[in-house]
Amino acid sequence: MAKKNDEAFVKEITKMEDDFPQWYTDVILKTDLVDYSPVKGFMVIKPYGYAIWENIQAYLDKRFKATGHKNMYFPLLIPESLLNKEKEHVEGFAPEVAWVTHGGKEELAERLCVRPTSETIICEMYSRWLKSYRELPYLNNQWCSVVRWEKATRPFLRTSEFLWQEGHTLHETAEEAQAETLQMLEIYREMAENLLAIPMVAGIKSEKEKFAGAHATYTIEALMHDGKALQSGTSHNLAQHFTKAFDITFLGRTGELENPHHTSWGVSTRLIGGLIMVHGDNRGLVLPPRVAPTQVVIIPIAQNKEGVLDKAYALKKKLEEKGLRVDIDDNPNYSPGWKFNEYEMKGVPVRVEIGPKDIEKNQAMVGRRDTLEKAPIALDGIGDSVVNLLDEIHENLLLKARTHRDAMTFTFDSYEEFVEKMASQAGFAKGMWCGDPECEAKIKADTAATIRCMPFEQEHLGDTCHFCGKPAKSMVYVAKAY
RNA sequence: CGGGGUGUAGCGCAGCUUGGUAGCGCAUCUGGUUUGGGACCAGAGGGCCGCGGGUUCAAAUCCUGCCGCCCCGACCA
C-alpha cells in the first residue's frame, strides 16, 4: 500500500505535542461534535457527537437487556429530605447539587435537588414496592442526564450536566449483589474494547476514591494519549447502606424481614472524550469503526462525467447491504481534496474514491483513516473487503492504544524516582501499596496523581509499600487523572 | 475558589502606543468555469469594537467599574 508521505497536519488544529488541551478543544469544535452553550458548563451535543452516543447506547442497551435488565425512568427532582437519608452520600454530593427553590413565583416548602445521581429517589420508590424475596432481583436501568455543579468544566470530560445511564439493582444476597457488580463492570470493559477500541485497567477503588455511600466501587480506567488517566465507568456494590437508610425490606425465605443488597453502575458521555483522546491525531478524530456514525464515506471524482454518480450510488447500496453506515458526498462545490481532508478530520474510518479511471478498471480507491494508506480494491466483492478492513482497523486501533498504554506504564525503585517520573512523563505508575489513607494523601500532595485502582490482575512486585515502606497489601496503578 | 490569559463580523486576527469614515484572511450568499489531496474568476451580504460610567468637539483607541470565556491548580463520572 502506498502511504501518504506528507506530515500529518490539518489547518486550524493545534498539534497535540504543542498543546494537548488546545488540540482537544480544537478537535471537538472543528469536527462539530459539540458547542458551548449560553450556560457556563453546559454543552450542546451536536448531531455528529450525539450519533456517537447513540451507538454507545445501542450497544449497552442490548447488553443490559440480554442480562435481564429493564429500562425505567425516575424523576429529575429529588426532595432534600430524601437526599439527606444516607449520610456519606449527601456529604459526597452536597457541594455540587443544584437546587430548585421556587415553583413559579412561590417558594417551595421543601427545596428540590436536581439529581446528581438517582440512588435516593430510586431507593425511596423501591422501598414502597418491594414486599417479598420472590420479586427479587430488581434489575433496572435508566438513560437520563444528571447535574453536578462543577467548577471547572470541559466538554465531554466534565460538564455540569451530562448524559449517562445508571443501573440500580436489588438482590436477595450479598453474593448476588457482588456478582452483579462485577458482571456490569465486565460489560463496560468489553464495551470499551469491542466498541471503542480502548483497553481498560479494571479494578477496585481505594476507600478514599470510592463512590459516596458505596461499600465498594469498581472502575475501568483508560490512559489517554497525553499520559493522563480517565475513569471511564464505575460499578458500585452498595451493600445495605442505602437499603437500610431507606428502610427497603422484604420478607425472606425464613419469614424474617431483610434488607436487600444493592448495586448501581454507570457510564456517561465522558466516554466520547476518552475516545477522542485515545485515538485522535494531528489530523483530528480517528473513530473506531463500530462506534463511528459514518463508517464509509464515498467521494465521487469528476462526478459530472457520465456514469460516475450512478456507480457511486450503486456502490453505496452495495455497502449498505452489508450493514454498513455509508455516506456519499456528491456536493459539486467542494473539490475532492477538500473532502479528503474534511472526512479525515472527522475521523471517518474508511474513504472510498470512485472516478472515471476506477470505473474503467472496475475498481475503487479505498483509504483507511488509521494508517492513511490508500489502495485500489476490485468492485466485485468490495462489500466483504470493506467489512474486513473495518475489523482490521478496529484491531489496529486497539493494539495501538494498548501498546501506547503499556509504553507509558512504569515501575520504579524509589519514592523519589516515582515523584520525578510522574512529573516528567505522566502515565501509569505501577507499585505495591500499604492501603493507608495517609500514604495515599501524601502521594496526591506530592505528585497531583491519585491511586486509580487496585487492578484485578495483580502482580507481586515486592512485600513493602513502594510509597512509604510499610508492609504492602496490593498492587496499585497511580496516575494523574482527568 | 486561587494563579495566568483573553474579549473587534460565524471563526482566526490587525487596528489601540500617537483619539478623527472599522479593516484583513477564512467561512457565507449570487453567477460562471471547475473536480484523482484543502480550485478559480467576478460580485455581494454581514459589526451595540463584551457591558456600564467618565474625559473629549469626537472613543475600538484614554480613565474607571463590572461581566464573560479559556487554560493551569484544589474538588468530581
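Chain A is the first sequence line, chain B the second, and so forth, proteins listed ahead of strands; every chain is numbered from 1.
- Applying the 6.0 Å contact sphere to NZ of A:K480 captures more than 12 heavy atoms from other residues, nucleotides or ligands.
- As a whole-Å value, the separation of A:F340 CZ from B:G38 C1' is 11 Å.
- Pairing of B:G2, defined by two Watson-Crick or G-U wobble distances under 3.5 Å, is identified with B:C72.
- When only modelled atom types and interatomic distance are considered, A:H69 and A:E180 share a side-chain donor-acceptor pair under 3.5 Å.
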Legend entry - Nucleotide-resolved protein contact map, nucleotides 71-77 of chain B, B/S/- at heavy-atom distance under 4.0 Å: SS-BSBB

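- Contact annotation for A:G266: no contact, since no heavy-atom pair falls under 4.0 Å across all strands.
- What separates CZ of A:F20 from C1' of B:C70 is a distance of 17 Å, to the nearest Å.
- Cation-pi geometry between A:R115 and A:F74 is not satisfied (NZ or CZ under 6.0 Å from the ring centre, within 45° of the ring normal).
- Here the C1' atom of nucleotide B:A39 and the CG atom of A:N341 are 13 Å apart, to the nearest Å.
- Distance from the side chain of A:Y334 is smallest to B:U28 among B:U28, B:G37, B:U35.
- Ionic pairing of A:D26 and A:K15 is not present here: no N-O contact between side-chain nitrogen and carboxylate oxygen is shorter than 4.0 angstrom.
- Pair check for B:C66 finds B:G50; Watson-Crick or G-U wobble, both atom distances under 3.5 Å.
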Inset, instruction - Could you walk me through whether A:D226 and A:K228 pass salt bridge (charged side-chain N to carboxylate O under 4.0 Å, His left out), step by step? - result: CA-CA 6 Å; A:D226 65 345; A:K228 287 170 85 172; 5.2 Å; no

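- If you measure from atom CD of A:E306 to atom C1' of B:U35, you get 17 Å, rounded to the nearest angstrom.
- Spacing between B:C24 and B:G45 at atom P, rounded to whole Å, works out to 13 Å.
- Comparing the same atom, P, in B:G43 and in B:C26 gives a spacing of 15 Å after rounding to whole Å.
- Among the heavy atoms of the strands lying under 4.0 Å from A:K40 are primed sugar atoms or P, OP1, OP2 only; no base atom is included.
- With hydrogens and angles left out, the side-chain atoms of A:T371 and A:R368 include a donor and acceptor closer than 3.5 Å.
- Atom P of nucleotide B:C11 and atom CG of A:D32 are separated by 13 Å, given to the nearest angstrom.
- Residue A:S335 has no polar side-chain atom (N or O) positioned under 4.0 Å from OP1 or OP2 of B:U35.
- Side-chain N/O atoms of A:W23 and A:T25 include no donor and acceptor closer than 3.5 Å.
- Nearest nucleotide to the side chain of A:E344, out of B:U35, B:G37, B:G36: B:G37.
- Base pairing of B:C40: its partner is B:G32, meeting the Watson-Crick or G-U wobble criterion (both donor-acceptor distances under 3.5 Å).
- The CD1-C1' distance, from A:I301 to B:G38, rounds to 13 Å in whole Å.
- Nucleotides B:C40 and B:C49 are separated by 34 Å at their C1' atoms, to the nearest Å.
- Protein atom CH2 of A:W338 is 15 Å distant from nucleotide atom P of B:C26, rounded to whole Å.
- Spacing between B:G65 and B:G47 at atom P, rounded to whole Å, works out to 32 Å.
- On the C1' atoms, B:G12 is 11 Å away from B:A27, given to the nearest whole Å.
- Taking the P atom of each, B:C1 and B:G46 are spaced 42 Å apart, rounded to whole Å.
- Nucleic acid contact class of A:P300 (heavy atoms, under 4.0 Å, all strands): none.
- The only option from A:T31, A:D35, A:I28 that meets the side chain to side chain contact (heavy atoms under 4.5 Å, CB included) definition with A:K46 turns out to be A:D35.
- Searching all strands for a Watson-Crick or G-U wobble partner of B:G20 with both distances below 3.5 Å returns B:C57.
- The C1' atoms of B:G23 and B:C63 are separated by 26 Å, rounded to the nearest whole Å.
- The base of B:G36 is not paired with the side chain of A:Q303 by any donor and acceptor separated by under 3.5 Å.
- Separating the P atom of B:U33 from that of B:G38 is a span of 22 Å, rounded to the nearest Å.
- Side-chain polar atoms of A:T217 and A:H236 form a donor-acceptor pair below 3.5 angstrom.
- Here the P atom of nucleotide B:U35 and the CD1 atom of A:I354 are 18 Å apart, to the nearest Å.
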